[in-house]
Amino acid sequence: MLLRRGLRDARSLDLDPAAVVRDVDAVLRKLTAAGLIDDGNFAATRARRLAQAGRSPRRIAMALAQKGLDEAAIAMAMQEVREELPDPERAAAIAYARRRKLGPWAPAEARATRREKDLAIMGRAGFGFGTARAVIDAEAT
């Protein structure tokens, strides 16, 4: 993002794009060496927050990849989430269903008629069918 902005500004200011790339690389190297940029820490923190917010592990991995993180950082972040939560997909599914008022958190009179719709919503959110069914069919907690 820093490079993209730098190149955009370089065009408007008639600066040499190659010089901007060199300067941005130098700044990033200094910040990384100083410990101010840590992709692993960022990935772990973001993955933890997204899991607590009810994102499925697949969605979390996609979100981290969209931020430009490499596969190693994503794998480490997902491993940390699995260590903190015994079943991160189920925990995220419960948080998602509670927030969206699906399954056991739906009004009791509408629960039976909404079951298929709730399962579809959970599927579109990235949860596996088994996890979605277990959460939707569970008793209210």
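Values below: all heavy atoms of this structure, side chains included; hydrogens, waters and symmetry mates excluded. Throughout, numbering of the chain's residues begins at 1 and tracks the sequence.
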Considering non-hydrogen atoms only, spot the tightest contact between Gly54 and Ala95 and give its length.
-> CA-CB, 3.8 Å
Specify the closest pair of heavy atoms between Ser56 and Ala125, including all atoms of both residues, with the distance to one decimal.
-> OG-O, 3.4 Å
Assess whether side chain to side chain contact (heavy atoms under 4.5 Å, CB included) is satisfied between Trp105 and Val135, documenting all intermediate values.
-> CA-CA 10 Å; Trp105 297 276; Val135 170; 4.1 Å; yes
Is the closest basic N to carboxylate O distance between Asp137 and Arg115 below 4.0 Å?
-> yes
Rounded to the nearest 0.5 Å, what separation is found between the CZ atom of Arg48 and the CD atom of Glu84?
-> 4.5 Å
Check step by step if side chain to side chain contact (heavy atoms under 4.5 Å, CB included) holds for Leu50 and Arg59.
-> CA-CA 9 Å; Leu50 292 173; Arg59 284 273 176 111; over 6 Å; no
How long is the span from the OG1 atom in Thr32 to the CG atom in Asp38, to the nearest 0.5 Å?
-> 9.0 Å
Which value, rounded to the nearest 0.5 Å, describes the distance between Asp9 atom CG and Arg5 atom CZ?
-> 9.0 Å
Ile74 CD1 to Ile60 CD1 distance, which is reported to the nearest 0.5 Å = 11.5 Å
Between Arg90 and Ala134, what is the shortest heavy-atom contact and its length?
-> NH1-CB, 3.3 Å
Taking C-beta and beyond as the side chain, do Arg11 and Pro17 meet within less than 4.5 Å on heavy atoms?
-> no
Is the shortest heavy-atom distance from the side chain of Tyr96 to the side chain of Leu102 under 4.5 Å?
-> yes
With side chains defined as the heavy atoms from C-beta onward, is the minimum distance between Arg49 and Arg46 less than 4.5 Å?
-> yes
Atom of Ala43, atom of Leu69 and distance for their closest heavy-atom approach = CB-CD1, 3.6 Å
Identify the two heavy atoms, one from Thr113 and one from Ala110, that lie closest to each other, and give their separation to 0.1 Å.
-> OG1-O, 3.0 Å
Look at the side-chain heavy atoms of Ile, Leu, Val, Met, Phe, Trp and Tyr, link any pair under 4.5 Å apart, and say whether Phe129 and Ile136 land in one connected group.
-> yes
So how far is it from Asp87 CG to Thr131 OG1, rounded to the nearest 0.5 Å?
-> 6.5 Å
When hydrophobic residues are tied together by side-chain contacts of less than 4.5 Å, even through go-betweens, does Ile121 share a cluster with Phe127?
-> yes
Rounded distance (nearest 0.5 Å) linking atom CE of Met78 with atom CZ of Arg58 | 10.5 Å
Measure across Ala92 and Arg55 and return the closest heavy-atom pair with its distance rounded to 0.1 Å.
-> CB-O, 3.0 Å
Heavy atoms from other residues, nucleotides or ligands near CD of Glu83 exceed 12 (cutoff 6.0 Å) = yes
Partner of Val27 under side-chain contact (heavy atoms from CB on, under 4.5 Å), chosen from Asp23, Leu31, Val24 = Leu31
Following the transitive rule for hydrophobic clusters with a side-chain heavy-atom cut-off under 4.5 Å over Ile, Leu, Val, Met, Phe, Trp and Tyr, establish whether Leu119 and Ile94 coincide in one cluster.
-> yes
Side chain to side chain contact (heavy atoms under 4.5 Å, CB included) between Arg4 and Arg8, worked out = CA-CA 6 Å; Arg4 185 174 54 231; Arg8 181 193 64 206; 5.8 Å; no
Are Phe42 and Leu28 connected, step by step, through hydrophobic side chains (Ile, Leu, Val, Met, Phe, Trp, Tyr) whose heavy atoms are closer than 4.5 Å?
-> no
Spell out, as yes or no, whether a donor-acceptor pair under 3.5 Å connects the side chain of Arg114 to the backbone of Ala106.
-> no
Run the side chain to side chain contact (heavy atoms under 4.5 Å, CB included) check on Asp39 and Ile37 step by step: do they pass?
-> CA-CA 6 Å; Asp39 285 346; Ile37 295 178; 4.3 Å; yes
